K.L.:
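Mind having a look at this structure? Questions to follow.
Please read all numbers here as calculations on a predicted model, not as lab measurements. Labels below follow one simple rule: chain letters A, B, ... track the order of the sequence lines, proteins then strands, and each chain is numbered from 1.
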There are 2 protein chains.
Amino acid sequence: MPPIKVKNSAAAGTNPVPEAVRKARAKIRKGGKPLTRIQREKQDIILDAALEIFSLHGFRGATIDQIADAAGMSKPNLLYYFPSKEIIHKRLIAELLVTWLAPLREMDPDGDPIPEIRSYIRRKLEMARDYPRESRLFANEMLQGAPRTIDMLEGDLKALVDEKAKVLYRWMDEGKIARTDPYHLIFAIWATTQHYADFDVQVRAVLGKGRNGEGRFEDAARFLENLFMTGLGTKRA
Amino acid sequence: MPPIKVKNSAAAGTNPVPEAVRKARAKIRKGGKPLTRIQREKQDIILDAALEIFSLHGFRGATIDQIADAAGMSKPNLLYYFPSKEIIHKRLIAELLVTWLAPLREMDPDGDPIPEIRSYIRRKLEMARDYPRESRLFANEMLQGAPRTIDMLEGDLKALVDEKAKVLYRWMDEGKIARTDPYHLIFAIWATTQHYADFDVQVRAVLGKGRNGEGRFEDAARFLENLFMTGLGTKRA
DNA sequence: AGGATTTTTGACCAGTTGGAAAAACGTTAG
DNA sequence: CTAACGTTTTTCCAACTGGTCAAAAATCCT
């Protein structure tokens, strides 16, 4: 990390418009409220490119140059929209966590257990199919020990899972699903669905030419539904 | 990547012993056969340290300095034992793939299906517990699109899985296990077991203080055995 | 149009990184 | 003791990295 540079405040006279001051002003304004349409668009392009690169190489392995390249602009230009690599990453992670947990949040405590769980699995698998980059970004974070995410994991995530685990326990008590460990059930659903995003290369390599069209997601959906639904059938208690 | 530098051959006179030549000779010898005990020991230390660092930061994110540090030696000293970062990584991946697939290889076609699959799951979970770094190294490779592993995936790995899939199909035909997709069954076993190594932070965060001692692996073993064995019970076909 | 503002660029900088060279060090066989 | 060998350290370098800065270019507003 380069040393923190103290920005020389505009102590000079009231010349036409000192460059450094103008620049500073622009950045400060962005820290404020408005944010024009173009700025939002460019930021979106950058975030999309950054997602691509970060999800592939992790935080340390990704370079601003790569991201700028993927976003079709120069490095200084990118840095005009975001003050640093770290900030971009933080934004991505924050956005990710919201959408990533939506399916679990939507599992309805008052719904019918089997259909609720079934559709949770389906939605999670659809996310792996439609948002593999987000999945890999998250996986990268986890692999590195979640340095920038640990608070969220121990806070919101744990709270959410605890809450849903209680619902699952209740469903078990009511005899609507087989008795099992709800935490590890959730882990298993996460693991199996995200596997199709994170280990996509391996899946495609193993399935080979014949099967690797879009078919693998259909097959996976059928298999996982079968696996978990059989496992949750009440006929075995 | 730095440009390949042509080594200026020892065209000079026969001075006492030109340094560059000596160094080159030493490296060449290592390329040959013998390899002393000390050399093997140091190389092992380096490989162990490299596994630690690579598994945490991925190839690009890891630096030789970090690895050297973890191995308790200086960077040039490390580079005395291995010619480059890339070579170290290759060695690790190669070693990994052998041990990593051992459990699947050991699944006996002539054994009893249910116990065979059960003990495969158990061994895979034990590997996640005992060799989490190897698991994460592999996961990192996959996330990056397996640039250094794709051949192996499409070759040996695919062949092995195809072979075992055939065995599973036979067991299904013989009515010994429920009919299901053997490929996705294997994927599910990989995903769920490796999850406990790769996403360890998340698992511990969610389970919280109370449960995260070594208990989680016992619980996981019970859960997964239950899940897969119920799913494979023949009573439903 | 013309001035102000926003966006883009090119040059640059300091710190890091992978790696090379060579000299210094240690050990052991003669 | 010392020459030869293997090992380790010091020094160095070129490329890369995250990031700055001032000026140029494009855009916006009236």
K.L.:
How long is the line joining CG of Asp69(A) and C1' of dG18(D), in whole Å?
P.N.:
16 Å

K.L.:
Which of the following nucleotides, dG19(C), dT8(C), dT17(C), is nearest to the side chain of Lys42(A)?
P.N.:
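So the nucleotide nearest the side chain must be dT8(C).
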
K.L.:
Rounding to an integer number of Å, can you tell me how far Phe82(A) CZ sits from dT20(D) P?
P.N.:
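So the CZ-P distance, Phe82(A) to dT20(D), works out to 15 Å.
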
K.L.:
What pairs with Trp100(A) under side chain to side chain donor-acceptor pair (under 3.5 Å), at least two apart in sequence or on another chain?
P.N.:
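Not a single residue meets the side chain to side chain donor-acceptor pair (under 3.5 Å) criterion with Trp100(A).
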
K.L.:
Hey, does Ala62(B) reach any base, or is it just sugar-phosphate, or nothing, if we go heavy atoms under 4.0 Å?
P.N.:
sugar-phosphate

K.L.:
Compute whether any side-chain donor of one residue and acceptor of the other, for Gln194(B) and Ser135(B), lie under 3.5 angstrom apart.
P.N.:
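Not at all, the side chains of Gln194(B) and Ser135(B) share no donor-acceptor pair under 3.5 Å.
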
K.L.:
Cut-off 3.5 Å, side chains only: do Asp162(A) and Tyr183(A) have a donor facing an acceptor?
P.N.:
yes

K.L.:
Ignoring hydrogens and geometry, is there a side-chain-to-backbone donor-acceptor pair from Glu95(A) to Leu92(A) under 3.5 Å?
P.N.:
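Side chain of Glu95(A) to backbone of Leu92(A): no pair is present.
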
K.L.:
Given that Met73(B) and Pro76(A) both sit by DNA chain D, which one's nearest nucleotide is further toward the 5' end?
P.N.:
Met73(B)

K.L.:
If I take atom CG in residue Asp65(A) and atom P in nucleotide dT9(C), what distance separates them, rounded to the nearest angstrom?
P.N.:
13 Å

K.L.:
Please figure out whether Thr63(B) or Leu78(A) has its closest DNA chain C nucleotide nearer the 5' end.
P.N.:
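Here Leu78(A) is the residue nearer the 5' end.
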
K.L.:
Taking only distance into account, with no hydrogens and no angle test, what donor-acceptor pairs under 3.5 Å do side-chain atoms of residues 50-61 of chain B form with protein atoms, sequence neighbours excluded?
P.N.:
| residue | atom | partner | partner atom | Å |
| --- | --- | --- | --- | --- |
| Glu52(B) | OE1 | Arg133(B) | NH1 | 3.0 |
| Ser55(B) | OG | Leu51(B) | O | 3.0 |
| Ser55(B) | OG | Glu52(B) | O | 3.0 |
| Arg60(B) | NH1 | Gly61(A) | O | 3.2 |

K.L.:
Select one nucleotide: of dG18(C), dT8(C), dT17(D), the one nearest the side-chain heavy atoms of Tyr80(A).
P.N.:
dT8(C)

K.L.:
To the nearest Å, give me how far apart CD (Gln66(A)) and P (dC16(D)) are.
P.N.:
12 Å

K.L.:
Would you mind telling me which of dT8(C), dT8(D), dT17(D) lies closest to the side-chain atoms of Arg60(B)?
P.N.:
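Per side-chain heavy atoms of Arg60(B), the pick is dT17(D).
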
K.L.:
What's the NZ-P distance between Lys85(A) and dC16(D), to the nearest Å?
P.N.:
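Taking atom P of dC16(D) as the reference, NZ of Lys85(A) is at 16 Å.
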
K.L.:
Atom CZ of Phe187(A) and atom OG1 of Thr192(A): how far apart are they, to the nearest 0.5 Å?
P.N.:
13.0 Å

K.L.:
Determine whether a donor-acceptor pair (N or O, by modelled atom type, separation under 3.5 Å) exists between the side chain of Lys124(A) and the backbone of Leu104(A).
P.N.:
no

K.L.:
Could you state the CD-P distance from Glu41(B) to dT8(D), rounded to the nearest angstrom?
P.N.:
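Those two atoms, CD and P, are 11 Å apart.
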
K.L.:
At less than 4.0 Å, is any side-chain N or O atom of Ser74(A) found next to OP1 or OP2 of dT8(C)? Yes or no.
P.N.:
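The answer is no; no side-chain N or O of Ser74(A) sits under 4.0 Å from OP1 or OP2.
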
K.L.:
Using whole Å, report how far CD1 of Ile53(B) lies from P of dG18(C).
P.N.:
12 Å

K.L.:
With the side chain of Ile64(B) defined as its heavy atoms from C-beta on, choose the nearest nucleotide among dG18(C), dT6(C), dT8(D).
P.N.:
dG18(C)

K.L.:
Looking at Lys75(A) and dG18(D), is any side-chain donor or acceptor paired with a base atom of the opposite kind under 3.5 Å?
P.N.:
yes

K.L.:
For a salt bridge (Lys or Arg N to Asp or Glu O under 4.0 Å) check, start with the C-alpha distance between Asp200(A) and Arg129(A), then their side-chain angles and the critical distance, and finish with the verdict.
P.N.:
CA-CA 10 Å; Asp200(A) 186 53; Arg129(A) 181 194 58 195; over 6 Å; no

K.L.:
Please report the distance, rounded to the nearest Å, between CG in Leu79(B) and C1' in dT11(D).
P.N.:
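Computing the Leu79(B):CG to dT11(D):C1' distance gives 15 Å.
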
K.L.:
Considering the terminal five base pairs at each end of the helix from dA1(C)-dT30(D) to dG30(C)-dC1(D), what angle separates the two local helix axes, rounded to 10°?
P.N.:
0°

K.L.:
Identify which nucleotide among dT20(D), dT7(D), dT7(C) has an atom closest to any side-chain atom of Gln39(B), counting heavy atoms from C-beta outward.
P.N.:
dT7(D)

